[in-house]
Amino acid sequence: MNWCPKCQTVLANEQVTEGECWRCHSAVEKRDLTQWYLKITDYAQELLDDLDQLDGWPERVKQMQANWIGRSEGAEVKFTLCDKQGNAPENPTEDDLITVFTTRADTLFGCSFFLLAPESPILKGLVEGTEYEAAVMQVVEDAKKITAVERAQGNKEKHGAFTGRYVVNPINGEKVPVWVADYIVADYGTGAVMAVPCGDQRDFEFAKKYDLPIIPIILGDDDPLFEQLKDEQGRVVTSVDWDSAMEAEGRLVQSGKYTGLTGGKHSEGEEAIVADLEAAGRGKRKVEFRLRDWLISRQRYWGNPIPMIYCDKCGLVPVPEEDLPVRLPEDIDLSAGETLATHEGFAKCTCPKCGGEARRETDTMDTFTCSSWYYLRYTDPHNTELPFDSAKTNRWMPVDQYIGGIEHAILHLLYSRFFTKVLRDLGMLDFDEPFKNLLCQGMVLDEHGDVMSKSKGNVISPEEMIAGYGCDAVRAYILFMAPPDKELQWNEDGLAGMHKFLNRVWRMVYDLVGKADEDTLYQPGASDAEAAAARKVLLRERHRVAGKVVDDFDRNNFNTAIAAIMELVNAIGDYLRKVGPEQRAASVDEQALATEVANVLVRLLAPICPHMTDELWHDALGCEGSIHTQEWPEFDPEKAKDDEVELAVQINGKVKARITVAADADQEAVKAVALEAVQDAVAGKDLKKVVVVPGRLVNIVAK
RNA sequence: GGGAGCGUGGCGGAAUCGGCAUACGCAGCGGACUUAAAAUCCGCCGCCGCAAGGCUUGUGGGUUCGAAUCCCACCGCUCCUACCA
């Protein structure tokens, strides 16, 4: 197990990052303990396959989950263990065979030694009472001491020892030595590995360090990728061009009857060799996953009790359903060092089977077990009989939009998907995935670029900013600073600007509905033509911006939605300056336009600035009810269009002039206007081609 | 070591399908109003250049009528993962 010495508890693999505890960042140690697991590995394939259904998830998160699940296609190969005298059994039984997993069966001819993990359960039996025992057990002991942190920091010096035993390679009958090596991971594959030093850099390093033979197989003895110094057996390699060797997978197998077949993962050679091993009963196709079972036991008070009872007579007995849930005791003195195990009122119980004295399991479950399905309860929160009624939950779920930090990409989001599938298989849910759309908001960084966190003490307090500018301004400013999925380096320079903008909105709305006091934006002096132009732009912007904001919200682009609202506000400002209060008061049409624009503006801004818009809704616009139950403003894409468009005129892709044409002008007319606009520049040149992109530009290709 | 992503003005950022690069804002500069300041409003604001004009999306190539966007190589940064056979 992974053990955190500070938290005094075990951790799941997912909760160890770079060798450290996810919660307190202490270096994680290894311990041998008997613990409870959930068998998430049974769902490895489905958890991987169903990532394809998650169109609304960031690619990055799906990639991280796929890597974590880590599917590898390969084969199991059975080697025969020789006895202590080094003789292979004539008719080996299953007990005489040791299985390895490999993705490169085509390299079996290059296997020159055989490795076991230090934690391998058969290791002790192999060396017990032999002259090799001391050295092997030393490697086992040392492996426990090297912390995962040291390994993560690149301390990858490999250690090993010969066990004195041999195994026979099933493909060629070669006898190779068995070593223990600390770079073999016990709980991946079988904890035993065939070593092919000319095909694997780690095996190569190990072979060099302990002077083990290196057989050049992928390519043959004379391949230039291997720099060779042959000993009397003709098989010592001093170095390998690894970069090239990695790309050499398409090359040919050069050994035995397979000579001439291509090598590599899923290659002809690999297929042929696995097929022969299978026929001989010495191998079979196998898929391995990196994902391990989820260790849920925690040595903590807070957590769901694990509902199991230990009885001396009956063994392990589950708490019967009618006694569930098991509740934590509240009369426990944690500060005095009392634990669930020492709390007799909790730990002591009677066996549900025989009625005799028994003890409860006093470990509790990982907090992530609770967070893996809490959201289901939201669909039926008052149910006193069941966690949730399936009919209700199936109606509401899955969650349309889930929001969370990227730090949960593997932990919470993988566990929740697993729980959903298990509950579905138990008949309690009728869907496969809990969260249709996922938004991972970026983290907030301080001025040095460090992630803000309570434990680092570098968080900024929103209270002060809210006191100075109001929470609508703080909220709008945060949304405006960056798209939500991007990380954001905190900087308050623009906050005062956002505050000014909202004040401007406030005054404008009152001005538009004719309730401005003395503080109007109107500056006399605009001509009728200028007033008409401002009015036209305003009407267009009202429709264009409403469409853009609705669209931006669908894509979570809140920053550009706010930018668009600012553009509408700029158009309103121009209108208010040029069409004065008296003019507006005198015209029913003008009042209707101004009121509608005010109404649209306030509704567009409502999700961003909920407080001030609700006040404007009642006090300025005189509307009833809450603004937050209103629909988005309607809009007409036709009215968002201008009847004239400005086009760039390019010569060979460089902008040389700009022309204004009617929006519905036909291409020939546009071409003529464009050519006229640049006639001096193209004079005397050969016109190869004229590309007209309606509404955008004209590109003239001339030589 | 393996995987993913990013690089645009002084700054945050925009450009949704290959079509006017720098929207919107911050900072800065100039102006109006004011006895003055605040507040408010207007204008300028990528780089070089007096100008005409030229250059510009990390660097270098390629595809294309046209590239921030697609392809290749390199440089730099970030995140994830890590002795996974």
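For clarity, every value in this text was computed on a predicted model and none was experimentally measured. Below, read A as the first sequence line, B as the second, and so on, with proteins coming before strands; counting in each chain starts at 1.
Across the C1' atoms, B:G28 and B:G76 are found 29 Å apart, a figure rounded to whole Å. Nucleotides B:C65 and B:G18 are separated by 12 Å at their C1' atoms, to the nearest Å. For the C1' atoms, the distance from B:U57 to B:A67 is 11 Å, rounded to whole Å. Comparing B:A14 with B:C26, their C1' atoms are spaced 15 Å from each other, to the whole Å. Rounded to a whole angstrom, the distance from the C1' atom of B:G9 to that of B:A15 is 15 Å. Comparing the P positions of B:C33 and B:A23 gives an interatomic distance of 30 Å, to the nearest angstrom. Here, B:C70 and B:C17 have their C1' atoms 12 Å apart, quoted to the whole Å. Look at the P atom in both B:C83 and B:C77: the space between them is 25 Å, to the nearest Å.
Whole-Å rounding puts the A:F206 CZ to B:C83 P distance at 17 Å. Rounding to whole angstrom units, CZ of residue A:F558 and P of B:A14 are separated by 14 Å. In this structure, the CD atom of A:Q441 is 17 Å from the P atom of B:C79, given to the nearest Å. For the pair A:R555 CZ and B:A15 C1', the computed distance is 11 Å after rounding to whole Å. Taking atom CE of A:M566 as the reference point, atom P of B:A23 lies 14 Å away to the nearest angstrom. The interatomic distance linking A:K286 (NZ) with B:A85 (P) rounds to 13 Å, in whole Å.
Taking the O4'-C1'-N9-C4 or O4'-C1'-N1-C2 dihedral as appropriate, B:G53 has a value more than 90° from 0 and is therefore anti. Applying the 90° cutoff around 0 to the glycosidic angle, B:C70 is assigned anti.
No N or O donor and acceptor, one from the side chain of A:R504 and one from the base of B:C41, sit under 3.5 Å apart. Counting distance only, with no hydrogens placed and no angle test, the side-chain atoms of A:K158 and the base atoms of B:C83 include a donor-acceptor pair under 3.5 Å. Interface remark: the A:N699 side chain does form a donor-acceptor pair with the B:C65 base, using a distance-only criterion of under 3.5 Å.
A cation-pi arrangement is absent between A:K158 and A:F206, since the terminal nitrogen or guanidinium carbon is not both under 6.0 Å from the aromatic centre and inside a 45° cone about the axis.
Under 4.0 angstrom from either OP1 or OP2 of B:A85 there lies no side-chain N or O belonging to A:Y183. Applying the 4.0 Å criterion to OP1 and OP2 of B:C26, one finds that A:N491 has every side-chain N and O outside that range. Distances shorter than 4.0 Å separate some side-chain N or O of A:K486 from OP1 or OP2 on B:G13. Side-chain nitrogen and oxygen atoms of A:R507 include at least one within less than 4.0 Å of the OP1 or OP2 phosphate oxygen of B:C41. In terms of phosphate contacts, A:K689 brings no side-chain nitrogen or oxygen within less than 4.0 Å of OP1 or OP2 of B:U64.
Closest to the A:M481 side chain, of the nucleotides B:G12, B:C20, B:C24, is B:G12. In this structure, the nucleotide among B:C41, B:U81, B:G19 sitting nearest to the side chain of A:R577 is B:C41. Nearest to the side-chain atoms of A:K654 among the listed nucleotides B:U56, B:G25, B:U16 stands B:U56. Across B:A4, B:G19, B:U81, the shortest atom-to-atom separation from the side chain of A:Q63 is found for B:A4.
Among the atoms of the strands shown, only primed sugar atoms or phosphate atoms (P, OP1, OP2) are found under 4.0 Å from some heavy atom of A:N67.
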Exercise for the section: Report the C-alpha separation of A:Y415 and A:E14 in whole Å, then their side-chain angles, then the decisive distance to 0.1 Å, and conclude whether the side chain to side chain donor-acceptor pair (under 3.5 Å) test is met. Expected result: CA-CA 10 Å; A:Y415 294 147; A:E14 289 81 0; 3.0 Å; yes

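Checking A:K500 against A:I184, the closest nucleotide of RNA chain B that is more toward the 5' end is the one next to A:K500. Toward the 5' end of RNA chain B, the nearer of the two residues A:V701 and A:G494, judged by each one's closest nucleotide, is A:G494.
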